[in-house]
Undergrad: 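My questions will all concern the structure given below.
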Amino acid sequence: MASLHKKIVTLFEETADMLEVNNENPFKVRAFRNAARAVEGVGKKIEDMAQQGKLEEINGVGKSIAEHIQDIIHHGTFPEYQKLHKQIPSEVLEMLSIPGVGAKKARTLWKELNIKSIKALEHACHKHLVSEFSGFGKKSEEKILAGIEGLKKFSDLFRFDEANAEAAKLLSYLKKSSHLIQLELGGSLRRHKEICKDIDLIASSNKPNKLMDYFVAYPEVASVINKGTTKSSVKLQSGINVDLRVVSDEDFPFALHHFTGSKEHNVALRTLAKAKGFKLNEYGLFKGKKEIFVSCKNETDLFKHFGMDFIPPELRENQGELEAAQDHALPDLVTLSDLKGVLHCHSTYSDGKNSMEEMALAAKDEGFSYIGITDHSHSAAYAGGMKLADIKRQHKEIDALNKKLKEIQILKGIEVDILEDGSLDYKNEVLALFDFVIASVHSRFKMGEKKMTERICTALASPYVDILAHPTGRLLLEREAYEVNLAQVIECAAKNGVAIEMNANPRRLDIDWRYGKLLKEKKVKSCISPDAHSTDQLDFCNYGIGIARKGWLEAGDILNTLSADALLKHFSQMRKKRRC
DNA sequence: GCCGTTTTCGGCCCGACTGTTTTCAGTCG
């Protein structure tokens, strides 16, 4: 997310927290949370929208919030935020991150007990000062202390791949239970969000008590947070929380839909249901005032009742999917089997762990018909970047391998560094040796948005650059993206016929799915690339597919759904276009 | 504060679990 987007989202979320602590109108609180979500999902540059007076076109942004956004753009903050910030110490807000402490409790602790920070709260709990107060008991103290311990020990966010691996193990454990009828993954994992807070599982059973007993007995459970007949929560040893919901088999489609979310999608669908005379919750769809249960076999059936096509879980973010489903205009999302080859892979010629032959054979085993070997260019010394002699040696070896190997073709590619001034790490005559060129930024991240945008756009104007790789350089939960105006970069890519990579490495997942619609609108192609540094990383493509689907992308939007011949023809046509 | 098939005012999704209290408020998703 661009830094301004992020700033607006943070300020609105903090405002919502502060309003809540101040016990103000809950709907105003919700309005700020909605606005934060809405801004987060905007794939366009917010400054441009502000300048064009289009902020109020964002669903959830009205006159007042549009003014706040203008204030943030020009002054970095807005008056209402500053006023609240003066009243409420920021450490009081930090207490909201403790599980079980919400706005009301935080307010009571602060106003009645003069506790203003997590540290002070921990001290007060140890001294049993909290349990003496009305509304809090011994258990509350224990829960707060356990929550504080948890905060110290674990970050509460996990990358998709980490959460998915934990979920897969747990699913296979639960499937062994004889008390289970149906079981599915739900929540943000099913929606393929790049970052997850927890794992949601939905099951149907005739003996929920027994299933819950089996669930909390999972050997990797570190602690049981709560246990009931329809909902239980545990924390695993890895630190991630898991919620299991159990319903009757008849209710399963409704529960699955409900707990897949997103919250915003659910609210929108329920509002729509209400307008059509239905009530929708996790236990069913109910018609009319008498609330007659409407049976549904599955989610497809459920959507059908609203005149909608089935909405793939990845799209359920209330970003226009309900309207598209009603108009029968949902995209035909790309799938793994659409990919004919992979384009961004490293070998022992730079920092890869496997030889080109090993990489090619592994790609063939994955069902691909071509692999683009793209080792690092000279400047990437940390990654063993190639000198001219290495390139010649590599190309000779590729020619020999292409004669020897059946059913897999190796394309000669390069991942060339974009230098500080936007020039490329090799001269044009060297770049001309390759079938295709991927360009990327690996150095000087902190040059500021304007310079970085110019740097990348300069590179995209090179006649030889075919693909821009990992356009923001982010490492999820590790390193922030460098500041860059992606909307402008996409514009440049459109002008020059350059594709923008969907880097499928689960630490990157860059370009962000929120830009998918803009790529489509500007007719900029993407490619789903594993950025594999070993044979086992070729299956990173799975993660990239999830993110591409989340960005509404179809096979026709993705370059590596083309055959090798068609792909090379595409690159050659675009290079001609750039030279004109 | 937002929004409109209930349309410029009045409603805004809905239910489970927990802890503390004895009927419910707070938290969470």
Side-chain angles (χ1 to χ4, degrees), chain A residues 12 15-16 19-21 23-38 55-69 78 80 95-109 130-144 146-147 156 186-188 191 196-202 208 212 224-233 241-247 251 254-255 257-286 291 306-307 318 326:
Chain A
F12 284 175
T15 304
L19 290 169
E20 213 172 1
V21 170
N23 220 0
E24 291 194 43
N25 179 358
F27 297 108
K28 184 173 173 180
V29 173
R30 187 187 298 175
F32 272 96
R33 294 210 197 282
N34 284 345
R37 290 288 77 73
L55 288 173
E56 286 181 57
E57 285 179 13
I58 303 168
N59 195 16
V61 174
K63 190 165 170 276
S64 170
I65 291 202
E67 277 173 21
H68 294 332
I69 295 176
F78 59 101
E80 188 171 4
M95 295 200 290
L96 298 176
S97 61
I98 304 166
V101 178
K104 298 274 160 49
K105 284 188 179 168
R107 182 180 176 80
T108 307
L109 291 165
V130 173
S131 58
E132 287 172 6
F133 201 78
S134 167
F136 292 90
K138 202 163 165 260
K139 290 256 176 137
S140 303
E141 265 179 353
E142 285 168 10
K143 198 173 171 186
I144 288 170
D156 57 352
S188 46
R191 299 201 315 279
C196 304
K197 209 175 162 199
D198 56 16
I199 298 169
D200 286 293
L201 301 173
I202 300 94
M212 288 303 193
V224 178
I225 298 163
N226 54 47
K227 182 168 175 265
T229 51
T230 63
K231 180 195 170 185
S232 296
S233 307
N241 284 2
V242 187
D243 286 350
L244 174 65
R245 316 272 176 162
V246 182
V247 295
D251 294 341
F254 307 105
H257 175 266
H258 179 90
F259 294 114
T260 294
S262 65
K263 194 174 161 190
E264 292 75 16
H265 167 95
N266 285 355
V267 168
L269 186 61
R270 282 183 185 202
T271 307
L272 197 141
K274 204 170 169 183
K276 292 189 179 236
F278 289 95
K279 186 177 100 169
L280 179 65
N281 61 28
E282 61 263 52
Y283 298 112
L285 180 64
F286 305 92
E291 299 198 349
F306 304 113
N318 197 27
Q326 280 180 307

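Every chain is numbered from 1 and lettered A, B, ... according to where its sequence line falls, protein lines coming before strand lines. We use all heavy atoms of the structure for the numbers below, so side chains are in, but hydrogens, waters and symmetry mates are not. Quick caveat: nothing in here was measured; it's all calculated off a predicted structure.
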Undergrad: On DNA chain B, does the nearest nucleotide to A/Lys231 precede the nearest nucleotide to A/Thr271 from the 5' side, or the other way round? Give the residue.
TA: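 Going by which nucleotide is closer to the 5' end, it is A/Thr271.
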
Undergrad: Name the closest nucleotide to the A/Ala31 side chain, picking from B/dC13, B/dG1, B/dC17.
TA: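 Selected nucleotide: B/dG1.
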
Undergrad: Hey, does A/Ala35 reach any base, or is it just sugar-phosphate, or nothing, if we go heavy atoms under 4.0 Å?
TA: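 Here A/Ala35 touches no strand at all.
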
Undergrad: If you check every side-chain atom of A/Ser64, which of B/dC13, B/dG1, B/dT27 has the closest atom?
TA: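 Of the candidates, B/dG1 comes closest.
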
Undergrad: Taking A/Ser131 as the fixed residue, which of A/Lys138, A/Glu141, A/Lys139 is the one that meets the side-chain hydrogen bond (donor to acceptor under 3.5 Å, both in side chains) rule?
TA: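 Between A/Ser131 and the candidates, side-chain hydrogen bond (donor to acceptor under 3.5 Å, both in side chains) is satisfied uniquely by A/Glu141.
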
Undergrad: Between B/dC13 atom P and A/Leu272 atom CG, what is the distance in whole Å?
TA: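 In whole Å, B/dC13 P and A/Leu272 CG are 13 Å from each other.
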
Undergrad: Look at the side chain of A/Thr230 and decide which nucleotide, out of B/dC3, B/dC17, B/dG1, has an atom nearest to it.
TA: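 The answer is B/dC17, which lies nearest to the side chain.
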
Undergrad: Roughly how far apart, to the nearest Å, are B/dT18 and B/dG11 at atom C1'?
TA: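 B/dT18 and B/dG11 have their C1' atoms separated by 30 Å.
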
Undergrad: Once side-chain contact (heavy atoms from CB on, under 4.5 Å) is applied, do any residues pair with A/Val267, and if so which ones, sequence neighbours excluded?
TA: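 Checked A/Val267 against side-chain contact (heavy atoms from CB on, under 4.5 Å); matches are A/Thr271.
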
Undergrad: Could you state the interatomic distance from OG (A/Ser262) to CZ (A/Arg37), rounded to the nearest 0.5 Å?
TA: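 Rounded to the nearest 0.5 Å, the OG-CZ separation comes out at 10.0 Å.
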
Undergrad: Under 4.0 Å between a side-chain N or O of A/Lys28 and OP1 or OP2 of B/dG1?
TA: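 Affirmative; the distance criterion is met.
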
Undergrad: In whole angstrom, what separates A/Asn318's CG from B/dC13's P?
TA: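 After rounding, the gap between these two atoms is 12 Å.
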
Undergrad: In whole Å, measure the gap between the C1' atoms of B/dC17 and B/dT23 for me.
TA: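 Comparing C1' positions in B/dC17 and B/dT23 gives a spacing of 16 Å.
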
Undergrad: Can you tell me the base-pairing partner of B/dC24? Count Watson-Crick or G-U wobble geometry only, both distances below 3.5 Å, and say none if there is no partner.
TA: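 Result: B/dG19.
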
Undergrad: Taking the C1' atom in each of B/dA25 and B/dT20, what is the distance between them to the nearest angstrom?
TA: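 About 10 Å, rounded to a whole number of Å.
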
Undergrad: Tell me whether the side-chain N or O atoms of A/Asp200 pair up with the base of B/dG29 as donor and acceptor below 3.5 Å, since no angle test is needed here.
TA: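 When only heavy-atom distances are counted, A/Asp200 does not reach the base of B/dG29 through any donor-acceptor pair under 3.5 Å.
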
Undergrad: Please report the distance separating the P of B/dC3 from the corresponding atom of B/dT8, rounded so that it comes out in whole Å.
TA: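 Looking at atom P only, B/dC3 and B/dT8 are 16 Å apart.
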
Undergrad: Expressed as a whole number of angstroms, how long is the span from A/Phe259:CZ to B/dC14:P?
TA: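 Atom-to-atom, A/Phe259 to B/dC14, this comes out as 14 Å.
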
Undergrad: Distance check needed: B/dG11 P versus A/Asn25 CG, whole Å only.
TA: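 Rounded to the whole Å, the gap is 13 Å.
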
Undergrad: So which nucleotide from B/dG15, B/dC2, B/dG29 ends up closest to the side chain of A/Lys279?
TA: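 The listed nucleotide nearest to A/Lys279's side chain is B/dG15.
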
Undergrad: For the P atoms, the ones on B/dG19 and on B/dC13, what distance do you get once it is rounded to whole angstrom?
TA: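 Taking atom P in both B/dG19 and B/dC13, they lie 28 Å apart.
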
Undergrad: Find the distance between NE2 (A/His257) and CD1 (A/Ile202) and round it off to the nearest 0.5 Å.
TA: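 Atom-to-atom, A/His257:NE2 and A/Ile202:CD1 are 11.5 Å apart.
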
Undergrad: Rounding to an integer number of Å, can you tell me how far A/Leu201 CG sits from B/dG29 C1'?
TA: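 Checked: the CG to C1' distance equals 14 Å.
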
Undergrad: Test of understanding: with side-chain hydrogen bond (donor to acceptor under 3.5 Å, both in side chains), list the residues that count as partners of A/Arg30, not counting sequence neighbours.
TA: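 Once residues adjacent in sequence are excluded, A/Arg30 has no partner under the side-chain hydrogen bond (donor to acceptor under 3.5 Å, both in side chains) criterion.
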
Undergrad: Within the structure, does a side-chain N or O atom of A/Tyr283 lie under 4.0 Å from either OP1 or OP2 of B/dC14?
TA: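 Checking B/dC14 against A/Tyr283, no side-chain N or O comes under 4.0 Å of OP1 or OP2.
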
Undergrad: Would you mind telling me which of B/dG29, B/dC13, B/dG1 lies closest to the side-chain atoms of A/Arg245?
TA: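 Out of B/dG29, B/dC13, B/dG1, the nucleotide with an atom closest to A/Arg245's side chain is B/dG29.
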
Undergrad: I want to verify a distance call: between B/dT6, B/dC13, B/dG15, whose nearest atom is closest to the A/Glu282 side chain?
TA: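 The nucleotide sitting nearest to the side chain is B/dG15.
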
Undergrad: Per the side chain to side chain contact (heavy atoms under 4.5 Å, CB included) rule, which among A/Lys231, A/Met212, A/Lys227 passes with A/Leu244?
TA: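 For A/Leu244, the side chain to side chain contact (heavy atoms under 4.5 Å, CB included) check succeeds only for A/Met212.
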
Undergrad: May I ask you to say what A/Val29 touches in the nucleic acid, namely base, sugar-phosphate or nothing, with a heavy-atom cut-off under 4.0 Å?
TA: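 Contact class for A/Val29: none.
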
Undergrad: Before giving the answer on side-chain contact (heavy atoms from CB on, under 4.5 Å), spell out for A/Phe133 and A/Leu109 the whole-Å C-alpha distance, their side-chain angles and the decisive distance to 0.1 Å.
TA: CA-CA 9 Å; A/Phe133 201 78; A/Leu109 291 165; over 6 Å; no

Undergrad: Which one, B/dC17, B/dC3, B/dG29, comes nearest to the side chain of A/Asn59?
TA: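 Selected nucleotide: B/dC3.
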
Undergrad: What one-letter contact string describes nucleotides 18-24 of chain B from 5' to 3', where B marks a base within less than 4.0 Å of any protein heavy atom, S marks contact via sugar-phosphate atoms alone, and - marks no contact?
TA: SSSS---

Undergrad: Which pairs would a plain distance check flag for residues 273-284 of chain A, meaning a side-chain donor or acceptor within less than 3.5 Å of a matching protein atom at least two apart in sequence or in another chain?
TA:
{"unit_1": "A/Asn281", "atom_1": "OD1", "unit_2": "A/Tyr283", "atom_2": "N", "d": "2.8"}
{"unit_1": "A/Asn281", "atom_1": "OD1", "unit_2": "A/Gly284", "atom_2": "N", "d": "3.2"}

Undergrad: Please give, in whole Å, the distance from B/dC28 C1' to A/Asn241 CG?
TA: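 Going from CG in A/Asn241 over to C1' in B/dC28 covers 11 Å.
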
Undergrad: A/Glu56: what forms a side-chain contact (heavy atoms from CB on, under 4.5 Å) with it, not counting sequence neighbours?
TA: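 A/Lys63, A/Ala66.
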
Undergrad: With sequence neighbours left out, write down each residue that passes side-chain hydrogen bond (donor to acceptor under 3.5 Å, both in side chains) with A/Lys104, or none if nothing qualifies.
TA: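 Applying side-chain hydrogen bond (donor to acceptor under 3.5 Å, both in side chains) to A/Lys104 gives none.
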
Undergrad: Provide the distance between the two P atoms, one in B/dT21 and one in B/dG26, to the nearest whole Å.
TA: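 Per the computed distance, 13 Å lies between those P atoms.
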
Undergrad: If the C1' atom of B/dG10 is compared with that of B/dT6, how far apart are they to the nearest Å?
TA: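 Comparing C1' positions in B/dG10 and B/dT6 gives a spacing of 9 Å.
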
Undergrad: Please classify the nucleic acid contact of A/Thr229 as base, sugar-phosphate, or nothing, using heavy-atom distances under 4.0 Å.
TA: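 Sugar-phosphate only.
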
Undergrad: Heavy atoms under 4.0 Å, any strand shown: does A/Pro99 hit a base, just sugar-phosphate, or nothing?
TA: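 Sugar-phosphate, no base atom in range.
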
Undergrad: Where the side chain of A/Phe27 is defined as all heavy atoms beyond and including C-beta, which of B/dG29, B/dG1, B/dC3 is the nearest nucleotide?
TA: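 For A/Phe27, the side-chain atoms sit closest to B/dG1.
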
Undergrad: When the nearest nucleotide of DNA chain B is assigned to A/Phe32 and to A/Asp243 on a heavy-atom basis, which residue is associated with the more 5' position?
TA: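 Its nearest nucleotide lies further toward 5', so the answer is A/Phe32.
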
Undergrad: Measuring to OP1 and OP2 of B/dG15, would you say a side-chain N or O of A/Asn281 lies under 4.0 angstrom away?
TA: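 Looking at the OP1 and OP2 atoms of B/dG15, one of them is under 4.0 Å from a side-chain N or O of A/Asn281.
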
Undergrad: For A/Arg107 and B/dT27, give me the distance from atom CZ to atom C1', rounded to whole Å.
TA: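 Distance, rounded to whole Å: 17 Å.
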
Undergrad: Rounded to the nearest Å, what distance is computed from the CZ atom of residue A/Phe278 to the P atom of nucleotide B/dT6?
TA: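 One finds 14 Å between P of B/dT6 and CZ of A/Phe278, rounded.
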
